[in-house]
Amino acid sequence: MKRGRGRRNRNKRIRHMWRKTWLLSALAAAAVIYGIVELRTGKEKTAENAQVSVKMPSSGSVAARSLADDRNSSAGDGMEQEQGPQEWSIQVVDVNDTEMIEIPARWYQEKDDALIRESLEKEASRIAAKWNRDPVDSQMEAFDKDTGTYLYSDEVYGRALDEGRLAEELFQAVRAWKQENAQGRGQEEGNGQEKARPDATVQASFLSVAPVRTKAQAKEQYKVIGTFSTTTTSNKNRNQNIRLAADAIDGLVLKPGEEFSFNMATGNRTSDKGYQPAGAYRNGVLIEEPGGGVCQVSTTLYHAIIQSGFKTTERNFHSFAPSYIEKGQDAMVSFDGYAGPDLRFVNTGSTSIGLRAAFADNKLKLSIVGLPVLEDGKTISMRSEKVKDLEPPEPLYEENPELAYGEERIIEQAQPGSVWKTYRQIKKNGELLEETALHTSTYKAKAAKIQRNSAAVPPEETSGQENADQGAVAQGNETQDGTGLPAESQEIVIQSMPAQGVPDLNLAGPGSGE
């Protein structure tokens, strides 16, 4: 039994081993089949990618030529391969510039001339955008203070590429190229040399573009486009400051887009520059400082700016309304050398403008010179209206010991404050076309200044005290005879009496006699 049991166990192990062997063989066969399938698939993908890569290079590239050579060499021996035209370039030249235009090989087979012309016209427009030059008009450039005249720049002529002519010459060059390829490239002449290709260079042609305004025309066309005048006081120092500020502005030229700054134009207004002490407000208080009065220059210029059609980028009102201009239309400035309220505006026109200032006989005049911005008959001005009044504060009292009790002397009258709204008006031939709000100005009220003597005594008390003092003096000087005269006075009078008789005594005191 033991022998039969061992035989059965051995057979079982053999069958198990064969099953394992069969399973491993099946797996190996499956792996081999899978590898073969993947290999074939990979070759197909590689072949497909290779076909795509052949199409990607342009016909004029090195890779494309190499592939074409490979295809030609792989053809049968003795067979001539027809060689198609290659890409071609045309040079468009100017004096200092060159532009290349690539002519694609497919144009050799293109039958639609209109399509080729359209493409060449686009190329001409592209080159024109690079090579065209706009003309430059003459305009105001500087001011000669010695002669009192403006200087003007020279005009510059522009140029424009003749796009139509260039497109036609390019088309004719392309046509010659196509004809050459149709007749067969590489043909030899009698001397064995290859025929020369058509000229691949085209010379650009330009049209002259005249400027709109020459120097002579600029001198005639520039004129005063805005002006305003104010009257100054007779204060010598103040007028000196106004003259210096006006001289600093006179002749300035603003180019298009440039901003004017009153403080930058005059600089710091100090005594070193000749500015004299004159009345000016600082933090609402009237003081004497160098440069007092220059606000009249900025205010006068402000009106000229508005009349010229420009708009300010900065304008400030005074703490207290000045007397030389209508309320709501002033332009306060102040400068410490670094910063301060300013008057600014930008030349928003397309040409330069100039500023003129003149001061004589207490008349201040500011003007702007330029090419007219407004239409004929149009004017711009300002209009102001009061919005409300502001009550003055309580009076300010000053002591004056010379004043009697209850007496007051007004040094400065109280002035109410006010709020004003200012509008910009556009008129044509006197008729209002447009009105827009410019700004709002608020002026402080001024308290009255009054002198008084608060230490003075009322008149009743003064009269009673004087009577009491006189009674005390009379009682102290009374004599025994009851005359009430001082003894010395009596002696003097008696000694001066004549011998003939005794006249009536003058009890009021010594007399002058007859």
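Along the sequence shown, the residues carry numbers beginning at 1. Everything numeric in this text was worked out from a predicted model, so none of it was measured.
Taking all atoms of both residues into account, the shortest heavy-atom contact from K428 to L433 is CB-CD1, 3.5 Å. Across K365 and S229, no two heavy atoms sit closer than the pair CG-OG, 3.5 Å. Of all non-hydrogen atoms in L343 and A331, the two that sit nearest each other are CD1-CB, 4.3 Å. The two residues G257 and V346 have their closest heavy-atom pair at O-CG1, 3.8 Å. Scanning both residues, F262 and A245, for their nearest heavy atoms gives CZ-CB, 4.4 Å. Of all heavy-atom pairs spanning T149 and F143, the tightest one is O-CD1, 3.5 Å.
For the residue pair T422/W420, the side-chain donor-acceptor check at 3.5 Å is not satisfied. Side-chain contact of S441 with R315: a donor-acceptor pair under 3.5 Å is present, judged by distance alone. Checking S384 against Q329 by side-chain atom types alone, a donor-acceptor pair falls below 3.5 Å.
With sequence neighbours left out, D97 forms a salt bridge (Lys or Arg N to Asp or Glu O under 4.0 Å) with no residue at all.
Around OH of Y405, the count of heavy atoms belonging to other residues, nucleotides or ligands within 6.0 Å does not exceed 12. Counting non-hydrogen atoms of neighbouring residues, nucleotides and ligands closer than 6.0 angstrom, the NZ atom of K273 exceeds 12 such neighbours. Counting heavy atoms of neighbouring residues, nucleotides and ligands inside a 6.0 Å radius, atom CD of E385 exceeds 12 of them. For I410, the CD1 atom is loosely surrounded, since the number of other residues' heavy atoms within 6.0 Å does not exceed 12. Around the CD atom of E391, the shell of radius 6.0 Å holds no more than 12 heavy atoms that belong to other residues, nucleotides or ligands. Within 6.0 Å of CG in D376 there are 12 or fewer heavy atoms belonging to other residues, nucleotides or ligands.
Taking the six-membered ring for Trp and the full ring otherwise, the centers of Y443 and F320 sit at least 6.0 Å from each other.
With salt bridges taken as basic N to acidic carboxylate O contacts below 4.0 Å, none links E412 and K446. Between D94 and K130 there is no salt bridge, since none of the side-chain N atoms of the basic residue sits less than 4.0 Å from a carboxylate O of the acidic one. A salt bridge between E123 and R126 is present, with a side-chain N of the basic residue lying under 4.0 Å from a carboxylate O of the acidic one.
Remark: E289 CD to S271 OG distance equals 11.5 Å, nearest 0.5 Å. Annotation: the span from T214 atom OG1 to Q221 atom CD amounts to 8.0 Å, rounded to 0.5 Å. Going from atom CD of E398 over to atom CG of L396 covers 8.0 Å, rounded to the nearest 0.5 Å.
The backbone N or O of S261 sits nowhere less than 3.5 Å from a side-chain atom of R344 that would complete a donor-acceptor pair. Side chain of H303 to backbone of M382: no donor-acceptor contact under 3.5 angstrom is found. A donor-acceptor contact shorter than 3.5 Å links the side chain of R159 to the backbone of W131. With hydrogens and angles ignored, the 3.5 Å screen pairs a side-chain donor or acceptor of D336 with a backbone N or O of Y338. With hydrogens and angles ignored, the 3.5 Å screen pairs a side-chain donor or acceptor of E155 with a backbone N or O of K215. Distance alone, capped at 3.5 Å, is enough to place a donor-acceptor pair between the N316 side chain and the D342 backbone. Of the possible donor and acceptor atoms, one in the side chain of E399 sits under 3.5 Å from a partner among the backbone N and O of S454. Side chain of Q296 to main chain of T231: a donor-acceptor pair is present (N/O by atom type, distance under 3.5 Å, no hydrogens or angles). The closest donor-acceptor contact from the side chain of N347 to the backbone of E258 lies at 3.5 Å or more, if one exists at all. No donor-acceptor distance shorter than 3.5 angstrom exists from the side chain of T440 to the backbone of K421, with no hydrogens or angles considered.
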Run E169 and R165 through salt bridge (Lys or Arg N to Asp or Glu O under 4.0 Å) and show every step you take.
CA-CA 6 Å; E169 291 180 354; R165 179 175 177 178; 3.2 Å; yes
For a side chain to side chain donor-acceptor pair (under 3.5 Å) check, start with the C-alpha distance between S125 and E163, then their side-chain angles and the critical distance, and finish with the verdict.
CA-CA 6 Å; S125 297; E163 297 181 36; 2.9 Å; yes
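By the 30° and 60° cut-offs, the orientation of the rings of F310 relative to F345 is tilted.
Of the residues listed (V373, D137, L371), the one engaging T351 in a side chain to side chain contact (heavy atoms under 4.5 Å, CB included) is L371, and it is the only one.
Between S352 and E141 the shortest side-chain heavy-atom distance does not fall below 4.5 Å. In this structure, the side chains of I380 and L374 come closer than 4.5 Å at one or more pairs of heavy atoms.
A cation-pi arrangement is found for R117 relative to F171, the charged atom lying closer than 6.0 Å to the ring centre and inside a 45° cone about the ring normal.
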